[in-house]
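Computed from a predicted structure; not experimentally measured. In each ligand, atom 1 is the first atom listed, and ligand 1 is the first ligand listed. Computed from heavy atoms alone, side chains included, the values below leave out hydrogens, waters and symmetry copies.
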Amino acid sequence: MKSLFAAAATLMLTGPAHAELPFVKERAEWSVPQKPFHVIGNIYYVGMAGVSAFLIVTPAGNILTDGGLPESAPFIEKNIQALGFKLSDVKILLNSHVHFDHSGGLARLKADTGAKFYASTGDKPFLESGHIPYGPSSLIDTTPIHVDRAMKDGESFTLGGVTMTANVLPGHTRGCTTWTRPLTDAGVTHKVMFFCSISVAGNPIAGKLAYPTIVSDYRASFARLKKMDADIFLAPHGGQFHMEEKLAKMKPGAPNPFIDAKELPDMVQKAEAAFDKDLARQQAGGAAYVPR
Ligand SMILES: [Zn+2]
């Protein structure tokens with residue numbers, strides 16, 4: 001945390017100093033434009049190469065999950081339009097979690113589409129203030145966005161025959177929301193998961209904590225994820241669901257590579273091992289956030 005406070009102090013003294021902010025290298029990689037594409041059924045990918053946004057098209061209007069970085073919003077809008085859909089047809093905006101790389105573009109997307117914004121009760125205060133008080137993202141504020149409907153764990157909504165359920169799995173953020181829905185394609189019903197995240201990602205998890213229950217929250221979320229299943233696993237960063245590799249395998253007549261029931265259990269196993277390793281490192285005095 002010391003280095004974060006030092007970075008904040010530097011910012012206050014000298015104004016924005018780009019190199020002092022967290023995730024500088026990652027941010028450039030996440031911002032590479034991505035051609036939008038059809039995933040499966042009524043789901044389309046409209047995000048950047050490194051931060052996701054998914055469009056779900058229904059006869060009653062469309063649902064958009066995540067807004068990318070603040071600078072991603074115009075690209076997401078262009079991607080929606082490039083697929084032939086109207087911005088004004090986006091009726092509901094969702095968020096996986098309140099980190100600048102997934103919620104940063106939402107305020108502009110809400111203004112430009114006129115959509116209602118649904119988010120978890122746990123992340124609502126931070127979305128509405130534009131500031132999260134813990135983790136490296138605390139140094140990067142976003143435009144505040146009004147939450148029109150605060151969703152609790154297990155609550156669902158339906159639009160145009162699509163029912164989305166909020167599974168609040170805290171840890172990565174307090175209100176980290178994994179959205180799930182059934183989808184029938186070519187006569188087969190799938191379980192789709194729009195995963196939030198469960199990585200440590202620089203969150204302080206040892207010592208004096210601004211989010212005191214963070215470790216037990218992560219543990220409970222790992223336990224719940226082990227009991228969940230999904231055969232279409234989609235996530236907020238392309239690398240988390242092997243988007244590039246799967247996209248390369250998309251061929252007419254070939255099985256849809258986005259159908260893969262192993263992705264979720266593999267991810268949970270790897271993420272839990274990484275969490276244990278990071279916890280031991282932080283307990284031994286290692287800094288929570290280590291720039292790449
Ligand atoms: Zn995050």
Side-chain angles (χ1 to χ4, degrees), residues 1 4 21-31 47-54 64-73 76 93-107 109 117 119-120 122-143 145 147 166-179 193-205 209-211 213-215 217-218 221-222 225 233-241 243 264 267-268 270-272 274-275 278-279 282 287-292:
M1 282 305 287
L4 290 183
L21 291 173
F23 302 119
V24 171
K25 285 179 188 157
E26 289 88 343
R27 192 167 182 162
E29 290 166 11
W30 292 335
S31 295
M48 313 300 294
V51 286
S52 303
F54 299 95
L64 180 65
T65 71
D66 274 350
L69 297 147
E71 59 269 33
S72 307
I76 293 171
L93 273 180
L94 302 177
N95 184 216
S96 58
H97 64 282
V98 58
H99 276 160
F100 73 99
D101 47 334
H102 311 291
S103 64
L106 290 171
L109 287 160
F117 178 48
S120 69
D123 278 356
K124 179 179 187 256
F126 314 121
L127 289 158
E128 293 195 329
S129 67
H131 176 74
I132 181 165
Y134 54 90
S137 294
S138 61
L139 291 180
I140 304 176
D141 286 354
T142 52
T143 305
I145 174 170
V147 175
N167 304 266
V168 180
L169 299 166
H172 188 82
T173 66
R174 278 181 185 273
C176 207
T177 310
T178 287
W179 294 93
M193 178 178 279
F194 300 90
F195 181 57
C196 178
S197 186
I198 194 139
S199 65
V200 178
N203 272 332
I205 51 175
L209 299 170
Y211 174 3
T213 59
I214 191 165
V215 172
D217 282 359
Y218 267 106
S221 293
F222 278 122
L225 279 165
F233 176 79
L234 305 169
H237 293 288
Q240 293 170 330
F241 66 106
M243 183 179 87
L264 174 62
M267 181 281 302
V268 174
K270 283 181 191 143
E272 192 169 31
F275 178 86
D278 211 352
L279 183 61
Q282 289 194 35
Y289 175 69
V290 182
R292 204 174 73 191

Count of protein N, O or S atoms below 2.8 Å from the Zn ion (ligand 1) equals 3
Between S96 and D66, do the side chains contain an N or O donor and an N or O acceptor separated by less than 3.5 Å?
yes
message: If you define the side chain from C-beta out and look only at heavy atoms, does anything of D101 sit under 4.5 Å from E26?
response: no
(message) If you define the side chain from C-beta out and look only at heavy atoms, does anything of I198 sit under 4.5 Å from F222?
(response) yes
Item checked: side-chain contact (heavy atoms from CB on, under 4.5 Å) evaluation trace for S31 with L69 -> CA-CA 8 Å; S31 295; L69 297 147; 3.2 Å; yes
Residues at least two apart in sequence or cross-chain that pass side chain to side chain contact (heavy atoms under 4.5 Å, CB included) with E29, listed by chain then number, are R292
All heavy atoms of G47 vs all of I76, minimum pair found to be CA-CG1, 4.3 Å
